[in-house]
Structures are given as structure tokens and as C-alpha cells.
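Below, each value reflects all heavy atoms present in this structure, side chains not excepted, and no hydrogens, waters or symmetry copies.
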Amino acid sequence: MTNTFLERAMELKEELTANRRWLHQHPELDLETKETTAFVTEKLREMGCNPVPVSPNGVLVTLGPSTGKTFLLRADMDALPIQEESGLPFASSTDGKAHCCGHDLHTAMLLGAAKLLKERESELTGTVKLLFQPGEENMKGAKAMIRQGILESPHVDAAMAIHVNSVVPTGKLLVFTGPACASSDLFTIKIKGRGGHGSTPNKTIDPLNVAAHILISLQELQARELKAGETGVLTIGSIQGGDTFNVIPSEAVMKGTIRTYSSEVQELLIRRMKEICDATAMAFRAEAEVIFDPNYAIPLLSDAQVAADARSYLADLFPQDQIKDIRKSFPGSEDFAFISEKVPSVFIVLGANVVPGTPYGQHHPKVVFHEDCLPIGAAAHAQIAMEWLKHHQ
């Protein structure tokens, strides 16, 4: 009798761990994951897979027959611009770069899933695409991969992504239903006034005064313009203008972020923010320009049916109390959202806690992830892909 994916993944634990540690020691940022991509490509070829490059620096593997449905598995590969302080013997030796979000584990788990699925490729009743993606942290990677056609030829019918979490008990599988991650819009507000001496404010147009009124007015969007039950966060994180005691500057700059869980709320806050900035500046004879960073994120929606399917398939491998249905979202952003916008998708968080109660979460220089999650993640990827295809012929 064929071993379950979990039994086989446990046999591969040493290999999964070795791959993860190599990746951890070779962090690369954004879309510039050339060394990581070469490593992933080599490992896939060793398994007998035929990896195809996806510009820039992505890797795509297709398994199974060309008939039937197609299921996509995605792992992100990029690191963070952080100096690691984990104290691990295999900590990154690269100054200012570290895998403090767990993408090294994601890549190692998907390599494991590739091996599991390749070994049982004859059992696949449809196509599995495995995408190793750069540029998740700067929200450029998924969009770049989609532009290169990874959702077509053959067309992807459903997709999934797993993200480890350092404060969730190791091995726990949190399957999200509905909004899973928030949108992210970064903005800059440039306020132009007329500078002058601090003793004669009547001869100036004070941009700091305008910024103060804009700041207060923007808070009313959350308090008075969102419906009960709607969630949106608009935060000003920086106000800069002037550099001495007795000079009114000619310009002030505000920077902030908007986070929401629905496109409708996101569009409302963006539109009203622009209107408030324009009107407030005009009231004080100034000018305001709102500039949004092009690297935005949209809300990640976990499809109810695909999520229900995933929970059912996972229950064949893991105890029921290891799997949890999550119907609330968290304010972090994930560029897997751009894939979930195109095809029904499921987002799963995999616990990787080392010490119960640890204060170190993702993006902290001291964060540590438990490697016992690796075979669980590899098996979960393979199980969901194979079973979804089997049940959707």
C-alpha cells in the first residue's frame, strides 16, 4: 500500500531541513532571487521535474496529465532587508538580509511537495502547477508572474498558498474562509504653502497647519463614513516639514497607509482621502497632492468552497483538532491576493512556534521557526492538490 503523503514527507524530513537551511543562509531580496532560483531549479531537476523559468526569477513546474482541471500551489522565495539576530547556527551570513518571514520554509515545503507529487504523478487526475515566486514582500512578484501567463496554458481552476507563523503552535493548520489578509496602500501627501518668518504668519500659507487639519479630518473617515461592521484603517505614520524654530516652511509631507478587507472600503477610503486633502488645502489657500505607491496590495479572499474542500482533504491526514476553520482576517498583506482575485483560492497558516508565548513574530530579527512544520507543510500541499483534482474531474 502506498504511504500517505505525511508518512513519506516524514521520511524526507532531513532533506527538507537541509534545503531550508541552505535557503536560510542565502537570502535574496525582492525580484532578485537568482541564486535561490538556481538552487530550486537544480533540486527540481534532480527529482525528474522539468522546471520552466518565469521572468523575473520565478520557477514553474507542471505535473500530471494535460487533461482535467488544474490546481496551482505557490511558495514565495524572497527575504527581508533585516539584520538577523536569531542566534541560529545556520543564521544568514549576509548583512542586512534575512528570512525573517519564513519564505525559506515555504520554498523548502513546496520542493518537498514537488517530490511527493512527482513520485505519485501517475495518480494525478489533472494538472498541478507549482510556482516558486520572488517579490512577495514588495508586492511585485505575483503580478509579474500573472503577466507572464502562469494562470493559463493550461488555465488554473483553483490555487492555494501556505504561510508559516511563529506564534501559532507547530503543526496547527489554520484554513481561512473569506477575507484573510488586508489590502495595503501606501501614500504620500505633499502640501505646498508659502514659507516665511515665524513672527509674521499672516504673510505665509502654513503647510504644517494644513497638515494638522488633514490629519484630524482623515480620522473621521473611520468614525463616520464606514458602515457598522466594515473595517478600515487609515494611519498617518510620518509628518515632516521645516527644520528650525522661527521659520514657517513652504512644504510639508505626510506619509501613511490604508488597510481594508474589501475592495469597496478600499476604494471609498482612497476617494474620500483625496477629496479631504484637496478641500482642506483649498480652505487654507494651499495645495495638496496625494501620491500612492504603485506597489499596493488588494484584500486576499479565501474562497469558501475551496477552503471547505481543503479542510476535508487535510482531515484524511491529520487529527481534526489540528485543523481549524478561521473566519476572521489579520491586517497583514499578502500578494497571493492577486492570484486569489483571478481564481478561487485558499490561504492556510501553518504553525511553526518554537517556544510557547514567544514575543517574536514575523519580520522580527529574532524570530525563529520550528522546522518540524516542514513535512506537515509539504504533505498538506500535495494532499490538497491531488484530492482537489480527484474530486473535480
Which word best sums up how the rings of [X] and [Y] line up, parallel for under 30°, tilted for 30 to 60°, or perpendicular for over 60°?
| X | Y | answer |
| --- | --- | --- |
| Phe338 | Tyr296 | perpendicular |
| His392 | Trp388 | parallel |
| Phe284 | His213 | tilted |

Sidechain N-carboxylate O distance under 4.0 Å for [X], [Y]:
| X | Y | value |
| --- | --- | --- |
| Arg20 | Glu371 | yes |
| Lys192 | Glu251 | no |
| Asp372 | Lys13 | yes |

Do the side-chain N and O atoms of [X] and [Y] include a donor-acceptor pair separated by under 3.5 angstrom?
| X | Y | result |
| --- | --- | --- |
| Asn246 | Ser199 | no |
| Glu84 | His24 | yes |
| Glu11 | Asn3 | yes |
| Glu28 | Asn57 | no |
| Ser333 | Arg259 | yes |
| Gln25 | Ser92 | no |
| Asn353 | His370 | no |

Any side-chain heavy atom of [X] within less than 4.5 Å of one from [Y]?
| X | Y | answer |
| --- | --- | --- |
| Glu136 | Arg74 | yes |
| Lys118 | Leu63 | yes |
| Ile162 | Phe347 | no |
| Ile248 | Pro201 | yes |
| His197 | Val247 | no |
| Val164 | Ser166 | no |

Ring centres of Phe369 and Tyr360 under 6.0 Å apart?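 No, the ring of Phe369 stays outside the 6.0 Å limit from the ring of Tyr360, centre to centre.
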Any link between Leu151 and Val59 through a network of hydrophobic side chains (Ile, Leu, Val, Met, Phe, Trp, Tyr) touching at under 4.5 Å?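 They do not share one cluster, since no chain of ILVMFWY contacts under 4.5 Å joins Leu151 to Val59.
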I'd like to know if the side chain of Lys115 reaches the main chain of Lys43, judged simply by a donor and an acceptor atom lying under 3.5 Å from each other, with no hydrogens or angles considered.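 No; judged by distance alone, with no hydrogens or angles, the pair does not exist.
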Could you check whether any side-chain N or O of Thr107 sits under 3.5 Å from a backbone N or O of Asp76, counting only pairs where one atom can act as donor and the other as acceptor?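 Judged by distance alone, yes, a pair lies under 3.5 Å.
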Would you find more than 12 non-hydrogen atoms of other residues, nucleotides or ligands less than 6.0 Å from [X] atom [atom1]?
| X | atom1 | value |
| --- | --- | --- |
| Arg224 | CZ | no |
| Gln393 | CD | yes |
| Lys69 | NZ | no |
| Lys143 | NZ | yes |

Could you please spell out the steps behind the ring-ring contact (aromatic ring centres under 6.0 Å, His included) verdict for His391 and Tyr313? CA-CA 10 Å; His391 288 84; Tyr313 308 148; 5.2 Å; yes
Tell me, with the steps shown, if Thr260 and Thr231 meet side-chain contact (heavy atoms from CB on, under 4.5 Å). CA-CA 6 Å; Thr260 70; Thr231 301; over 6 Å; no
Do you know which of Val349, Ile326, Leu350 makes side-chain contact (heavy atoms from CB on, under 4.5 Å) with Leu173?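 Answer after filtering Val349, Ile326, Leu350: Leu350.
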